[in-house]
There are 2 protein chains.
Amino acid sequence: MAIPQSEEFSILMNKRPNLQQCVDPQTECIACPIRKMALFRGVPEEELGWTQKFRDAQYLLPARKTLYQEGDIAHSIYTLFDGWVILFKILDNGKRQILRFVLPGDFFGFQVNGTGAGAGYTHGAQALVASTLCVFPRTRLRSMMEKQPQLAIGLAEMGMHDMTLCQHHLIGTGRKNARESIAFLLLELFYRVRMQMQNGFNEATDSIIFPLTQEDIGDAIGLTSVHVNRVLKELEREKLIHCQRKRLTILDEETLMEIGQFDPGMIEPKELV
Amino acid sequence: MAIPQSEEFSILMNKRPNLQQCVDPQTECIACPIRKMALFRGVPEEELGWTQKFRDAQYLLPARKTLYQEGDIAHSIYTLFDGWVILFKILDNGKRQILRFVLPGDFFGFQVNGTGAGAGYTHGAQALVASTLCVFPRTRLRSMMEKQPQLAIGLAEMGMHDMTLCQHHLIGTGRKNARESIAFLLLELFYRVRMQMQNGFNEATDSIIFPLTQEDIGDAIGLTSVHVNRVLKELEREKLIHCQRKRLTILDEETLMEIGQFDPGMIEPKELV
DNA sequence: CTGTTTTATTGATTTAAATCAATTAATCGG
DNA sequence: CCGATTAATTGATTTAAATCAATAAAACAG
């Protein structure tokens with residue numbers, strides 16, 4: 001299969017220096033294993049030919065590299081094809097708040113300040129592990145949606161889901177203690193990753209690759225890495241979880257769900273009626 | 001003008017017992033002063049005739065009354081026409097987390113768990129002051145959007161904006177101390193109310209009606225009302241704000257913005273390119 | 001493989017905010 | 001207008017998590 005080489009490639013590379021062109025044959029939208037959970041979820045198959053032209057190409061973002069910083073001009077929007085990305089914001093006091101964990105199929109980069117082509121991202125984005133991205137030019141999104149309402153509906157549905165996750169994130173930070181909040185986060189990510197695997201590639205399991213450092217966990221829920229460490233050790237002593245080598249094993253799902261007040265229903269994909 | 005009496009009226013009233021039928025002549029969508037910021041923002045005027053038929057009617061919700069509880073079957077979605085509504089969630093330990101402050105023009109009630117007509121709201125909704133609501137049947141939303149993509153685009157845009165507000169809310173709760181977080185919340189609501197007034201009815205001012213109790217403030221940002229009180233008193237002693245009789249006056253906007261790390265840009269309405 | 005950097009771990013101490021406890025001030029229903 | 005309920009205020013005490021500090025262990029680059 002020929003590797004599509006977008007005319008905008010060199011411009012894009014200048015603007016997003018950490019992106020690398022995808023060398024492997026790129027996945028066509030029509031053949032995409034995660035399409036049903038992603039931006040094009042509602043687009044009829046016969047329309048995918050021309051909607052794919054909207055897509056720029058697939059690119060690689062190496063582990064721990066920044067995709068964009070807050071304020072960067074938002075030329076592109078993204079669907080994560082493979083990997084793990086965090087969206088975050090750095091405060092004046094230097095502290096970092098992780099806003100969202102982006103998993104395969106998730107759409108991001110559409111939140112901007114300002115209007116028109118010069119608008120800037122409201123947040124930064126960074127890969128936790130080597131990731132593959134589907135890149136779309138932001139300025140074509142509206143006209144695409146006008147031609148293909150299923151795209152706008154898909155976007156609204158994904159937005160609804162993201163909003164619900166964000167609100168749960170808020171509850172964890174605002175009204176749960178460290179133990180409850182950490183239990184909830186571990187379960188949320190565990191379930192999301194596992195659901196991802198079911199819909200895409202692998203089998204269910206009680207163990208997932210978990211590339212967060214303890215500092216990442218703390219920055220997600222408003223704790224120091226020192227305190228995160230103490231709570232994780234406690235949960236390990238109680239044989240509820242096991243963490244080692246960027247791998248997380250859930251040993252006692254039921255107890256953990258009680259502690260974190262986690263309901264798997266929140267993870268399920270959302271539909272507008 | 002005749003008062004439209006929906007065929008679904010009596011069913012609706014059984015289901016949402018606190019809603020009262022609007023006695024005053026109801027505002028037609030075409031004449032709505034806040035339409036440009038609301039759900040029908042992008043819908044061309046010539047289409048508003050048939051899109052309004054989608055709307056059920058306007059209803060009154062008295063002050064401090066609950067519109068729906070978490071888990072209630074989500075028959076309707078809402079645009080707040082006038083008033084002030086909070087969305088919240090009650091945790092197992094009885095604590096309440098306010099998720100979102102709904103101001104005129106804002107759309108809510110679309111976040112549900114489950115699929116199809118029997119899905120339930122993910123959160124509760126309650127009026128802070130007597131409020132007027134535009135009520136839409138939830139089950140017609142998707143077909144409406146398929147016929148009128150501007151509706152889906154408007155929904156996606158509003159979702160993007162709400163998401164950004166939620167993320168700022170998260171930052172306040174996760175990574176700011178009580179003083180910073182309260183300063184931010186006061187400014188956010190002050191700016192949102194003032195923007196509302198500019199686009200709809202009144203003049204700019206340094207003072208707004210502010211119907212939150214100190215407990216409401218605490219439940220929004222994860223503090224006790226006792227601590228909220230101490231911080232508010234401190235800000236008053238420093239002549240930065242003045243609170244009295246459900247009215248908030250911002251005396252020193254600049255200093256307050258510095259304390260809260262508040263950027264008015266976040267309040268501006270969002271557009272997809 | 002090896003030195004270097006990053007991340008994890010654990011103890012001692014401090015602190016911001018919670019909790020407990022009264023009182024005072026507002027607001028509301030009749 | 002008036003008793004009753006709800007909300008605000010203030011002090012004393014406790015506590016969950018932060019901060020400070022020092023290794024130990026892992027991951028990484030050359």
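Predicted model, so just to flag it, every value in this text is computed and none were measured.
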Where do N or O atoms of nucleotides 26-30 of chain C meet protein N or O atoms at under 3.5 Å, pair by pair?
from, atom 1, to, atom 2, distance (Å)
dT27(C), OP2, R245(B), NE, 3.2

Practice prompt. Check step by step if side-chain contact (heavy atoms from CB on, under 4.5 Å) holds for M257(B) and L187(B).
Written response: CA-CA 7 Å; M257(B) 279 168 70; L187(B) 282 170; 3.5 Å; yes
Practice prompt. Report, as a single string ordered 5' to 3', how protein heavy atoms within less than 4.0 Å touch nucleotides 12-23 of chain C: B base, S sugar-phosphate only, - not at all.
Written response: B----BSB----
Worksheet entry | Q58(A) and T132(A): side chain donor to acceptor below 3.5 Å | no
Worksheet item: Between OG of S76(B) and CG of L19(B), what distance do you get to the nearest 0.5 Å?
Response: 8.0 Å
Response to the item:
CG of L61(A) to CD of Q20(A), rounded to nearest 0.5 Å, is 8.0 Å
Worksheet entry | For atom CZ of R64(B) and atom C1' of dA7(D), their distance in whole Å | 10 Å
Practice prompt. Please report, rounded to the nearest Å, how far the P atom of dT6(C) is from the CG atom of L128(A).
Written response: 17 Å
Item to complete: Answer yes or no: is there a side-chain heavy-atom contact under 4.5 Å between F262(A) and I267(A)?
Response: yes
Item to complete: Would you indicate whether the side-chain heavy atoms of R192(B) and D106(B) approach each other to under 4.5 Å?
Response: yes
With sequence neighbours excluded, tell me which residues meet ring pair (Phe, Tyr, Trp, His ring centres under 6.0 Å) with [X].
| X | value |
| --- | --- |
| F210(B) | none |
| F108(B) | Y78(B) |
| F101(A) | none |

Worksheet item: In residues 208-215 of chain B, which ones come under 4.0 Å of DNA chain C, going by heavy atoms?
Response: none
Worksheet item: By side-chain hydrogen bond (donor to acceptor under 3.5 Å, both in side chains), which residues pair with D252(B), not counting sequence neighbours?
Response: T255(B)
Discussion item. Under the rule for side-chain contact (heavy atoms from CB on, under 4.5 Å), what residues qualify as partners of N93(B), not counting sequence neighbours?
Written reply: L91(B), K95(B)
Worksheet entry | Any residue meeting side-chain contact (heavy atoms from CB on, under 4.5 Å) with K246(A), in chain and number order, not counting sequence neighbours | T213(A)
Would you tabulate the side-chain donor-acceptor contacts of residues 173-186 of chain B under 3.5 Å, counting partners in other chains and residues two or more places apart, or write 'none'?
from, atom 1, to, atom 2, distance (Å)
T173(B), OG1, H169(B), O, 2.7
R175(B), NE, R96(A), O, 2.9
R175(B), NH2, G218(A), O, 3.2
R175(B), NH2, D219(A), OD1, 2.9
R175(B), NH2, L223(A), O, 3.2
K176(B), NZ, G260(B), O, 2.9
N177(B), OD1, R179(B), N, 3.2
N177(B), OD1, E180(B), N, 3.0
R179(B), NH1, E234(B), OE2, 2.6
R179(B), NH1, E238(B), OE2, 2.9
R179(B), NH2, E238(B), OE1, 3.0
E180(B), OE1, N177(B), N, 3.1
S181(B), OG, G172(B), O, 3.3

Discussion item. Angle between the end axes of the helix from dC1(C)-dG30(D) to dG30(C)-dC1(D), five pairs per end, to the nearest 10 degrees?
Written reply: 70°
Worksheet entry | Nearest atoms (heavy-atom pairs only) where T66(A) meets Q69(A) | CG2-NE2, 3.6 Å
Worksheet, complete the sentence: Nearest heavy-atom contact between V85(A) and A125(A) is CG1-CB, 4.4 Å
Worksheet item: Near DNA chain D, which residues from residues 232-243 of chain A have a heavy atom under 4.0 Å away?
Response: none
Practice prompt. Using a cut-off of strictly less than 4.0 Å, decide whether N229(A) has a side-chain nitrogen or oxygen near OP1 or OP2 of dT9(C).
Written response: yes
